[in-house]
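Below is one structure, written out as structure tokens; the observations come after it.
Small disclaimer: the values here were computed from a predicted structure and weren't measured. Both ligands and their constituent atoms are indexed starting at 1 by order of listing.
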Amino acid sequence: MSESPADILLAPTPEGWTESAAGRWRELLNDHAQCEKKAASTALALMFTYPEDRRLATLLSRLAREELRHFEQVQKLMTLLGVPFERQRPGRYASGLRGRLRTADPGRKLDLLLTGALIEARSCERFRLLAPRLPAEVAGFYEQLARSEARHFEEYLELAREAAPSEWQARLQELAGHEAQLATAPDDQLRFHSGPPSAPVPVGPVE
Ligand SMILES: [Fe+2]
Ligand SMILES: [Fe+2]
């Protein structure tokens with residue numbers, strides 16, 4: 001498999017997000033850590049909801065372990081950099097996507113898998129955008145994460161194809177449209193998966 005995130009994302013991340021995130025990357029680590037934990041918990045929830053699907057269990061068990069490892073790496077980086085833990089209001093992205101999921105199976109399973117693919121693809125795209133703008137030690141870490149998330153995106157997409165061979169493409173287009181809207185429309189919060197900040201970002205030292 002050799003899809004790139006750009007193959008399923010209907011709109012690229014706006015420059016406004018990348019510029020703000022590159023300037024405020026330290027504070028974004030808080031949200032980044034939450035995203036890694038959430039990615040593990042989403043994979044585990046799918047394993048509990050569809051226990052009869054052994055292929056799903058095999059792929060997502062490994063994926064969940066990798067996400068927890070990412071969480072540990074981000075947390076370590078925060079400790080090294082002295083970034084304090086901060087409880088934050090969740091962004092609109094995850095709840096916006098969740099609101100589009102069908103509530104009954106088999107549609108719900110397909111929607112969960114496609115949403116997983118879209119989130120992983122967006123993460124991969126954003127790690128790639130940020131890496132060249134960050135200090136070397138963080139850039140290397142973000143490049144490594146981009147490679148993992150690219151694999152996760154392919155795995156979710158593969159599971160979606162297998163779950164609904166005749167429906168996945170049409171449904172992906174619909175969900176990808178909503179995802180693109182959430183990731184590109186001006187946002188009142190800066191988060192890893194937010195849109196570009198709607199208010200001007202205070203200029204601070206870019207480190
Ligand atoms: Fe991850
Ligand atoms: Fe991932």
Inset, instruction - Supply the atom-to-atom distance Arg65 CZ to Leu60 CG, rounded to the nearest 0.5 angstrom. - result: 11.5 Å

Inset, instruction - Check whether any N, O or S atom of Glu67, backbone or side chain, sits closer than 2.8 Å to the Fe ion (ligand 1). - result: yes

Legend entry - Among Glu66, Glu120, Glu67, the one residue meeting salt bridge (charged side-chain N to carboxylate O under 4.0 Å, His left out) with Arg151: Glu66

Legend entry - Of all N/O/S atoms in Glu36, the name of the one nearest the Fe ion (ligand 1): OE1

Legend entry - Ser123: which of His193, Glu149, Arg128, His152 passes side chain to side chain donor-acceptor pair (under 3.5 Å): His193

Legend entry - the Fe ion (ligand 1) to His70: nearest N/O/S atom name: ND1

Legend entry - Basic-acidic side-chain contact under 4.0 Å: Asp188, Arg92: no

Legend entry - Atom name of the N, O or S atom in Glu149 that lies nearest to the Fe ion (ligand 2): OE1

Legend entry - Shortest-distance N, O or S atom of Glu120 relative to the Fe ion (ligand 2): OE1

Inset, instruction - Please find out if the Fe ion (ligand 1) and some N, O or S atom of Cys35 are separated by less than 2.8 Å. - result: no

Inset, instruction - Over 60° means perpendicular and under 30° means parallel, so classify the ring planes of Phe127 and Tyr142, tilted if in between. - result: perpendicular

Legend entry - 2.8 Å cut-off met by an N, O or S atom of His152 to the Fe ion (ligand 2): yes

Legend entry - NZ/NE/NH1/NH2 to OD/OE distance under 4.0 Å, Arg133 and Glu15: yes

